[in-house]
Amino acid sequence: MVSSLQHNWAIASADLLAPLLLATFLAATADAQNSTAPPPPASNWTAVADVNDPTIQQVAQFAVRIYALSTKQLRMQLLGVVSGETQPYDGGYNYRLVVRVSGGKNTQYDAFVWGILGTMSWKLWSFTPTL
């Protein structure tokens, strides 16, 4: 049986988690809408060997979701990663990915993301339709 203290803690944890998740989402969407990508150094870009690698898929999913939420294109979904490059930068990695999507105004985009694997430190610098 769950004690009253445990039950109250579970409610308090849920009450604290929702604002934290909201703040994380708002910070990510603010970055997506208000930031311009700093020019990355010209060297050390490495081609993505496997676009189906789970890490690359997660980075692409992050980019699509943040862009879709920030532009209210809520039906946009990742179909796949066409190609990509990575680069060590500022304690994490820059990712330049070409992604295919459904449910958006266009079907293919260039996504520029920076992040540190295993953390909540991620930014969508740009998400632009390919020409």
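Side-chain atoms are counted along with the backbone in the values below, which use heavy atoms only and exclude waters and symmetry mates. Since we're looking at a predicted model, the values are computed, not measured.
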- Item | Side-chain touch V82/R100, heavy atoms, less than 4.5 angstrom | yes
- Message: Counting C-beta onward and ignoring hydrogens, is there a side-chain heavy-atom pair between D53 and V48 closer than 4.5 Å?
- Response: no
- Message: Do Y93 and F62 land in one hydrophobic cluster if side-chain heavy atoms of ILVMFWY residues count as linked below 4.5 Å?
- Response: yes
- Could you tell me whether the side chain of V59 reaches within less than 4.5 Å of the side chain of L97, counting heavy atoms only? yes
- Message: Testing the basics here: between M76 and V101, what is the closest heavy-atom pair and its distance to 0.1 Å?
- Response: CG-CB, 4.0 Å
- Query: Is there a donor-acceptor contact under 3.5 Å from the side chain of D50 to the main chain of N52?
  - Reply: yes
- Query: Got a second to check how far N94's CG is from K123's NZ, nearest 0.5 Å?
  - Reply: 11.0 Å
- Query: Got a second to check how far L124's CG is from I66's CD1, nearest 0.5 Å?
  - Reply: 7.5 Å
- Under the ring-ring contact (aromatic ring centres under 6.0 Å, His included) test, which residues partner F127, sequence neighbours left out? Y67, Y109
- Considering non-hydrogen atoms only, spot the tightest contact between V99 and A60 and give its length. CG1-CB, 3.8 Å
- Test side-chain contact (heavy atoms from CB on, under 4.5 Å) on R65 and L78 and set out the steps. CA-CA 8 Å; R65 286 184 178 170; L78 176 68; over 6 Å; no
Distance-only check: which donor-acceptor pairs under 3.5 Å involve side-chain atoms of residues 111-121, not counting sequence neighbours?
| residue | atom | partner | partner atom | Å |
| --- | --- | --- | --- | --- |
| W114 | NE1 | Y89 | O | 2.9 |
| T119 | OG1 | I116 | O | 2.7 |
| T119 | OG1 | S121 | N | 3.0 |

- Is there a donor-acceptor contact under 3.5 Å from the side chain of Q108 to the main chain of P129? no
- Message: Rounded to the nearest 0.5 Å, what separates atom OG1 in T86 from atom CD1 in I56?
- Response: 6.5 Å
- Item | Residue list, side-chain hydrogen bond (donor to acceptor under 3.5 Å, both in side chains) with E85, at least two apart or on another chain | R96
